[in-house]
Amino acid sequence: MSLAKWIDDRDPPEQMSRPIRKIAVNTGGGDAPGLNAVLRAIALGAAERGIEVWGIRHGYRGLLEGGGEGLMRLDRRAVRGIMHVGGTILGTANRGDPFHYPVERDGKLIPEDRADELIERFHEHGFDALIAIGGDGSLRIANALAERGLPLIVGVPKTIDNDVYGTEITFGFDTAVSIATEAIDRLHTTAEAHERVMVVELMGRNAGWIALRAGIAGGGDVILIPEVPFSYEPIVEKIREREARGRRFSIVVVAEGATLRGGDVTIRDEGDAFRRVVVLGGVAERVAKELGERTGKETRSIVLGHLQRGGGPTTFDRLLALRFGAAAVRYLVEGCSSGMVALRNHSIDLVPLAEVAGRTKTVDLACDTVITAREMGICFGDEPSGRFACSPVVASSSDDA
Ligand code: F6P
């Protein structure tokens, strides 16, 4: 639904009854380039309307235990010169879920539900609305807070993984793809010089967006993504076929969430009672070792890791972040209903939070980017190279993100 339609359809007497005077904003989960640009657009959009904005430091921690230090006034001065800077001036948290908040009891940290307390503090500070900038986990928490009674929340989808449901793209993704593409470009020369197989592991959790995009743009020979469980035979065949053509090196791009057919994801950290998701990592090393044994070639693995998240945003991400931030304030002021801002058909839209919460967006294997890759002979580890696993002449979706 478009913003204009949403505003037209709203129930005026109820929804316009609470003017917005004071907004809280937080950034939660892994950082993504563009967070500061969102904060700047929120602060300026609010200032133009005479609305006060306060940032909660480190997810929800600043509201639950920060005292006076936990909140930061986001006025014009506070957001000067931050648009192009990576990270977040508010700080973020991976273990700050108010429904499973770490609390010390008898010298031990245990998870406790502090959502009611959080909502109480929110009212004590006189906030009218919350803008929650986060990925799938943070947006799920935002929806749960809305269900618990926090009156107005607008979510802003953020993640380099691009896996938030309901938006075609998240800010941070374009930057991550650009960095990963450059890294793959750089691997080519050293791979060729040593006639090696280089296996590069990219982030993305259980979605293959970064690996797919950077893999194609960077000229990867093999791309392994979570959406396509792989076998080693087609990869070995691809490497041999390249050898036969005199290309004595190969680049394998593997998403951290890729799995061997019938196998499981490779885990770096099991998570805990406060961060209840596993942290992925290590698949490149496994793949490199196996390919070395099977092909007899020298192999090396590298994990690009947090380089994909660090530093400033690309122009695309900067603009998207500014558009999301400005729309979040506009939406609160004019729409006065909870939801998530999203990019759909090139414009900013609104999506109900409940529609987004608990869902992720993965790569559609019939999209034109995947078809493009297959037509170029890139191996996904599921079919001998040169043959297509899916053969639609026309892509089922115009693009993948
Ligand atoms: O969600 C963003 C992300 O960078 C994922 O791609 C990755 O799996 C995860 O965060 C890494 O988390 P951490 O920063 O805690 O290592």
Side-chain angles (χ1 to χ4, degrees), residues 26-35 38 58-59 61 86-88 90-97 100 102 132-142 155-165 167 169-181 183 200-215 223-227 253-259 264-286 301-314 317 321 356-363 401:
N26 75 347
T27 53
D31 68 325
L35 278 169
V38 183
H58 299 288
R61 201 198 306 163
T88 159
L90 294 180
T92 186
N94 275 325
R95 289 177 171 77
D97 178 351
H100 300 88
I133 313 171
D136 57 345
S138 307
L139 294 165
R140 184 182 37 74
I141 294 169
V156 176
K158 157 244 65 165
T159 171
I160 63 163
D161 303 338
N162 195 37
D163 60 351
V164 173
Y165 188 84
T167 183
I169 204 149
T170 54
F171 70 85
F173 173 59
D174 185 65
T175 310
V177 171
S178 304
I179 294 166
T181 302
V200 55
E201 178 175 318
L202 301 181
M203 283 184 166
R205 292 197 57 78
N206 300 111
W209 297 109
I210 300 176
L212 176 67
R213 289 275 180 109
I223 300 175
L224 307 177
I225 57 175
E227 293 83 352
V253 179
V254 56
E256 62 181 2
T259 60
D264 229 328
V265 285
T266 314
I267 289 171
R268 177 159 54 85
D269 181 341
E270 292 286 351
D272 53 35
F274 317 107
R275 185 184 187 180
R276 292 167 311 126
V277 289
V278 297
V279 181
L280 302 172
V283 65
E285 199 182 329
R286 287 168 84 166
S301 67
I302 63 154
V303 180
L304 202 55
H306 293 83
L307 286 172
Q308 291 158 97
R309 266 172 37 188
T314 56
D317 276 339
V356 173
R359 299 170 85 170
T360 49
K361 180 189 68 186
T362 52
V363 173

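Every number for a ligand or one of its atoms is a count from 1 in the order of the listing. Computed from heavy atoms alone, side chains included, the values below leave out hydrogens, waters and symmetry copies.
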Applying a strict 4.0 Å limit to heavy atoms, is Gly204 in contact with ligand 1? yes

Quick one: nearest non-hydrogen protein atom to atom 2 (C) of ligand 1, plus distance? Asp161 OD2, 3.3 Å

Here the atoms of ligand 1 under 4.0 Å from any heavy atom belonging to Arg268 are 16 (O)

Using the test side-chain contact (heavy atoms from CB on, under 4.5 Å), find all partners of Arg276 that sit at least two apart in sequence or belong to another chain. Asp97, His100, Arg140

Can you find a pair of side-chain heavy atoms, one from Asn162 and one from Lys361, that are under 4.5 Å apart? yes

Does only the side chain of Ile160 get under 4.0 Å from ligand 1, or the backbone, or both, or neither? Count heavy atoms. side chain

Please check: side-chain N/O of Lys158 versus main-chain N/O of Pro33, any donor-acceptor pairing under 3.5 Å? no

Under 4.0 Å, heavy-atom basis, I'd like to know which part of Lys158 is in contact with ligand 1: side chain, backbone, both or neither. neither

List the steps, then state whether side chain to side chain contact (heavy atoms under 4.5 Å, CB included) holds for Leu139 with Asp136. CA-CA 5 Å; Leu139 294 165; Asp136 57 345; 5.9 Å; no

Check this for me: does any side-chain nitrogen of one of Asp272 and Arg95 sit under 4.0 Å from a carboxylate oxygen of the other? yes

Which bit of Glu256 is near ligand 1, meaning a heavy atom under 4.0 Å away: side chain, backbone, both or neither? side chain

Under a 4.0 Å N-O cut-off, is there an ion pair linking Asp31 with Arg309? yes

Side-chain donor-acceptor pair present, Asp163, Thr360, cut-off under 3.5 Å: no

Distance-only, no hydrogens or angles: does the Thr167 side chain make a donor-acceptor pair with backbone N or O of Thr170 under 3.5 Å? no

Applying a 4.0 Å heavy-atom criterion (strictly less than), which segment of Arg95 is in contact with ligand 1: side chain, backbone, both, or neither? neither

Measuring from atom 3 (C) of ligand 1, which candidate in Arg205, Arg309, Arg275 has the nearest non-hydrogen atom? Arg309

When you measure from the heavy atoms of Asn94 to every atom of ligand 1, does any distance fall below 4.0 Å? yes

Identify, for atom 13 (P) of ligand 1, the protein heavy atom at the shortest distance, and state residue, atom and that distance. His306 NE2, 3.5 Å

Report yes or no: does a heavy atom of Gln308 sit under 4.0 Å from some atom of ligand 1? no

